[in-house]
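In what follows, a structure is listed as structure tokens, so that the remarks can point back to it.
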Amino acid sequence: MLNFVAHRQSLLHAMEDNSIAVIPSAKLQVRNRDAEFPFRQSSDFFYLTGFTEDNACLVLIKKYDQKSKSLQQQSYLFCQTKVKEMEIWTGYRLGPDAAIEHLSVEQAFAIEELDKQLPDLMSDCDSVYALWGDDKVWDASLIDAIEKVKLKARTGVSAPTAMLAVEPLLHDLRLIKSDDEIAIMKRAADLSAEAHVVAMETVKPGMYEYQLEGLIRNHCAQGGARFDAYSSIVGSGQNACVLHYTANDQVIKDGDLILIDAGCEINHYASDITRTFPANGQFSAEQKALYQLVLDAQLAAIDAVKPGNHFNHPHEAAVKVLTKGLVELGLLNGDVDELIEKEAYKPFYMHKTGHWLGLDVHDVGSYKIKGQWRALKPGMVLTVEPGLYVSPDETSVDEKWRGIGIRIEDDVLVTDTGHQVLSENVPKSVADVEALTSTNK
Ligand code: GLY
Ligand code: MN
Ligand code: MN
């Protein structure tokens, strides 16, 4: 069970004395006219509440109480009230009364009360923590509330004097996953892994890329994941060289490699897996050589995920293996160390080797602290996803390499002694991938 109360307590603990934090829910987004995109809760708001309705706001207060002469920590939720007529159209609402018990907040109010109550809640607070800059309308309403407190100065009330970013505190908490969060992420990775295997077993030349996308979505839905963590990438042939290819509308051809980057989310936690495999069950010689090189780089990078190393160590390991291999295969010429220094690999490998993973697929948490790469610590989860992409227009290399795009991506947890690959259930050796993709051919 995710412990949202503990998440709030940790944030309150990190906040300055005499401060208030105001964290809104996500808003429904219009798709067209009165049709909306499926609602996805703000990850920050979800982390602190577990509440999945829109039109809500969490207020955390850590303030010295004159009566009890002690520092009080309180959570207030503002949410939609229960209105029968509205619930008939848009569904069940928890409502403020039930919120107190269900979400273990000290008090809950109608969302319409927020503007009225904020000046009082902010009174005698020195600082206001918020996601400043995320939403200008929201920023303006918080500044308006601060102005209202200032107007009460003659009554002896003091107004906040500091507007602080909540992100450094909140996102540092989100960066280290609890055992419960890790268990959910493992479930998401396991389910996505199964879906990748289904895609590999089913692929055939002549299918549309979006048909593989549909297979993956269906498998995840049947397994209990309502949503994908991001838009699936299913790129066949040279489409695999487009890093954020999501058109997924081309016919898969005999001889193509297919790159699938897809992952479901479970209870708002993401998985993010990429595999690249031959449509007809057999890598060509060039495809196999580049695939093996990316795999070697990925295994070296995964080996570098351990406490004591920093975030960029896996990238450095991957770049070393890739550059050496590109020289051996004749795609680059020169001294390996000099080529790394000059970043000569960049035409073929233009992205970093991973990112934090959690409630967001590109999860929060700074990558550097005071200019230094962040040390890896147990409970962090990151992706390891090296690739090689030889553009169809890359005239510096022999024609036989052009148009090949490969990425292999796994989700890796930092443990006390090293790492655990959460997405380990999707095979990736050449032999295993050929065996899987040869099924049903
Ligand atoms: N699926 C997005 C990424 O791999 O970063
Ligand atoms: Mn990724
Ligand atoms: Mn990915």
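Remember, it's 1-based here, ligands and their atoms both numbered in the order they're listed. All values below come from the heavy atoms of this structure, side chains included, with hydrogens, waters and symmetry mates left out.
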Just which atoms of ligand 1 are under 4.0 Å from any heavy atom in Glu409?
4 (O)
Under 4.0 Å to a heavy atom of Asp261 - the qualifying atoms of ligand 1, by number
1 (N), 2 (C), 3 (C), 4 (O)
What atom name does the N, O or S atom of Asp272 nearest to the Mn ion (ligand 3) carry?
OD1
Have a look at His355 and say which of its N, O or S atoms is nearest the Mn ion (ligand 2).
NE2
Ion pair check, Asp416 and Lys377, cut-off under 4.0 Å:
no
State whether a side-chain donor-acceptor pair under 3.5 Å links Gln298 with Lys428.
yes
What I want to find out is whether Asp228 reaches Arg217 closely enough, with some N-O distance under 4.0 Å, to be called a salt bridge.
yes
Apex the Mn ion (ligand 2); atoms Glu409 OE2 and Glu385 OE2; angle rounded to 10 degrees
80°
Answer whether the closest heavy-atom distance between the side chains of Arg187 and Leu191 falls below 4.5 Å.
no
With atom 1 (N) of ligand 1 as the reference point, say which of Leu243, Asp272, Thr383 has the nearest heavy atom.
Asp272
In terms of relative ring orientation, are Tyr349 and His351 parallel, tilted or perpendicular, with 30° and 60° separating the classes?
perpendicular
Atom indices of ligand 1 within 4.0 angstrom of Tyr230 heavy atoms, with elements:
1 (N)
Which of the atoms of ligand 1 are close to His362, meaning less than 4.0 Å from one of its heavy atoms?
2 (C), 3 (C), 5 (O)
From the list Phe46, Tyr47, Phe51, ring-ring contact (aromatic ring centres under 6.0 Å, His included) with Phe4 holds only for Phe46
Decide whether the shortest distance between a heavy atom of Arg407 and an atom of ligand 1 is less than 4.0 Å.
no
Minimum side-chain heavy-atom gap Glu343-Tyr345 below 4.5 Å:
yes
